[in-house]
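Taking it in order: structure first as structure tokens, then the write-up.
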Amino acid sequence: MKELSVAEFGRRLAHLLVSLFILLCVTFVIGRVLPTDPVGAIVGELADPAAYAAMRARLGLDLPIYQQFFLYLNGLAHGDFGTAVLTGNPVSSDLAQAFPATFELATLAVIISTFVGVPLGLVAALFRDSFIDKIARVVALVGHSIPVFWFGIVGLVIFYAGLNWVGGPGRIDVFYEGLVEPRTGLLLIDSLLQGETEIFWNALGHIILPAIILAYAAMAYITRMTRSFTLEQLSQDYVIAARAKGVSPFGTIWHHVLPNIAVQLITILAISYGGLLEGAVVTEIVFSWPGIGQYMTNALMIGDMNAIVAGTIIVGFIFMLLNFLADVAYAVFDPRMREAAR
């Protein structure tokens, strides 16, 4: 392994910061030019014109947009995303409460998609054009083709309303709310840390269906890319030599192919994880999941641009950060990237 040079790391970090700044600019401008009225949402439609103008001035909306942007940057530098119209709380406080639910859902989803998608892709490539391979390709195609919200509604109808195998909408049953102290914000972990096994199983029953639904699209992508990476390696000379020496097909995959595609898989998993955080919005709406997606949707309904801009920036930053880390891992561990850098 060759260490990444400081200059190369700095260049990649600079790209991340520039991308984040562009996201910030675009999101802020869109939030200001949309035909919404955050002042009216606060003071009401029948408010006195003087009160309306005072609130508009208080929010800084009477200033030119470039001054508004610099004021917003100054607030961000101090951790201030503004005040949410929806709740009246600082947006940073609302996001701190909503994000752990999204993080927990997306993390469980990426674990499920990885443990299903990677083995399925490996087996499909190993038995190319077999019945298993065809099933894997159909599964991947369905995952790419059918909308998540349709899967969510059908899943609730069958497994909750019909079979009663899983919990209903929400993160936990109402009579369990507030019984677990939010130490990490992750309900499954907090309930175990406090020995509340009954609450743990209740929370698991609520999260398992939305996690599987959310994981399916990512699993389809992971399966397809793993199959593609594996097929490329199976045609290489080192694999042919290993097979000629009597190494079993599964031994070839485990000891030779998998280590060579590990970096590519890390990149795919990082992209998938960012996509799950980004795409959890629809799933959270269907399952009434109290995460950042539902929070941003509710904010959008009333034109709460502080909440929408802040949520977009947070999700965008996480997506960019995951891609940055995957890019760095690629540069450090992939021999082809090291040769290109010489």
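Just the heavy atoms: all of them, side chains too, but no hydrogens, waters or symmetry mates, feed the values below. All of these numbers come straight from a predicted model, not from anything done at the bench.
More than 12 heavy atoms of other residues, nucleotides or ligands shown are found within 6.0 angstrom of CZ on F175. Dense packing is recorded around CZ of R11, with more than 12 heavy atoms of other residues, nucleotides or ligands lying under 6.0 Å away. Within a 6.0 Å radius of CZ in F127, more than 12 heavy atoms belonging to other residues, nucleotides or ligands are found. Counting heavy-atom neighbours within 6.0 Å of Y176 OH, excluding the residue itself, gives a total above 12. Enclosure of atom CD in E198 is not indicated, since only 12 or fewer non-hydrogen atoms of other residues, nucleotides or ligands lie within 6.0 angstrom.
The closest donor-acceptor contact from the side chain of S288 to the backbone of E284 lies at 3.5 Å or more, if one exists at all. S93 places no side-chain N or O within donor-acceptor distance of the main-chain N or O of N89, the cut-off being under 3.5 Å. Side-chain atoms of S145 never come within 3.5 Å of backbone atoms of V142 as a donor-acceptor pair (strictly under, hydrogens ignored). Distance alone, capped at 3.5 Å, places no donor-acceptor pair between the W289 side chain and the P169 backbone. Without hydrogens or angle criteria, D190 side chain to G185 main chain gives a donor-acceptor distance under 3.5 Å. Side-chain atoms of T107 come within 3.5 Å of backbone atoms of F103 as a donor-acceptor pair (strictly under, hydrogens ignored).
A salt bridge links R171 with E104: the closest approach of a Lys/Arg side-chain nitrogen to an acidic carboxylate oxygen falls below 4.0 angstrom.
Interatomic distance, I314 CD1 to L95 CG, rounded to the nearest 0.5 Å: 6.0 Å. One finds the CG atom of D80 at 6.5 Å from the OG atom of S92 (value rounded to the nearest 0.5 Å). Atom CG in D173 sits 11.0 Å away from atom CG in L179 (nearest 0.5 Å). How far CZ of R183 is from OG of S191: 11.0 Å, rounded to the nearest 0.5 Å. Here the CZ atom belonging to F200 is positioned 4.5 Å from the CG atom belonging to L192, to the nearest 0.5 angstrom. A distance of 8.0 Å separates CD1 of I268 from OG1 of T226, quoted to the nearest 0.5 Å.
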Run the side-chain donor-acceptor check on residues 151-167: report pairs under 3.5 Å with partners two or more places apart or on a different chain.
none

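Linking Ile, Leu, Val, Met, Phe, Trp and Tyr residues whenever their side-chain heavy atoms come within less than 4.5 Å leaves L204 and I199 in two separate clusters. Both Y216 and V148 belong to a single network of hydrophobic side chains, linked directly or stepwise wherever heavy atoms of I, L, V, M, F, W or Y lie under 4.5 Å apart. In terms of hydrophobic clustering, with Ile, Leu, Val, Met, Phe, Trp and Tyr side chains grouped at heavy-atom distances under 4.5 Å, F229 and I266 are assigned to different clusters. Taken together through direct or relayed side-chain contacts under 4.5 Å among Ile, Leu, Val, Met, Phe, Trp and Tyr, V116 and L269 form parts of separate hydrophobic clusters. If you chain together hydrophobic residues whose side chains sit under 4.5 Å apart, I132 and M219 never meet in one group.
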Item to check | L122 vs I261, side chain to side chain contact (heavy atoms under 4.5 Å, CB included): CA-CA, chis, key distance, verdict | outcome: CA-CA 11 Å; L122 293 172; I261 66 172; 4.1 Å; yes
Item to check | Check against side chain to side chain contact (heavy atoms under 4.5 Å, CB included), L24 and L76 | outcome: CA-CA 11 Å; L24 177 61; L76 287 182; 3.7 Å; yes
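Between P259 and I253, the shortest heavy-atom distance links the atoms CD-O, 4.4 Å. Across all non-hydrogen atoms, the minimal contact from C25 to F69 is SG-CZ, 3.6 Å. Nearest approach of F324 to L13, heavy atoms of both residues: CE1-N, 3.5 Å. Between R227 and A125, the closest heavy-atom pair is O-CB, 3.7 Å. In terms of heavy-atom proximity, Q233 sits nearest to V257 at CB-CG1, 3.9 Å. When all heavy atoms of P290 and Q294 are compared, the closest pair comes out as CA-OE1, 3.5 Å.
Counting heavy atoms from C-beta outward, L23 and M320 have side chains that approach closer than 4.5 Å. Residues F81 and P90 form no side-chain contact, since every pair of their non-hydrogen atoms from C-beta on lies 4.5 Å or further apart. By the 4.5 Å heavy-atom criterion applied to side chains, H256 and Y238 are counted as neighbours. For the pair I213/F287, a side-chain contact is recorded, criterion being any heavy-atom separation below 4.5 Å from C-beta on. Contact check for F99 versus I318: side-chain heavy atoms found under the 4.5 Å cut-off. In this structure, the side chains of L258 and L265 come closer than 4.5 Å at one or more pairs of heavy atoms. Side-chain atoms of I172 and E177, non-hydrogen and from C-beta on, do get closer than 4.5 Å to each other. Between T184 and P100 the shortest side-chain heavy-atom distance does not fall below 4.5 Å.
Here I271 is tied to no hydrophobic group at all, with no ILVMFWY side chain closer than 4.5 Å.
Inspection of the Y295 and T102 side chains reveals no N or O donor paired with an N or O acceptor under 3.5 Å.
Screening F21, Y66, F70, Y72 against F28 for a ring-ring contact (aromatic ring centres under 6.0 Å, His included) leaves a single residue, Y72.
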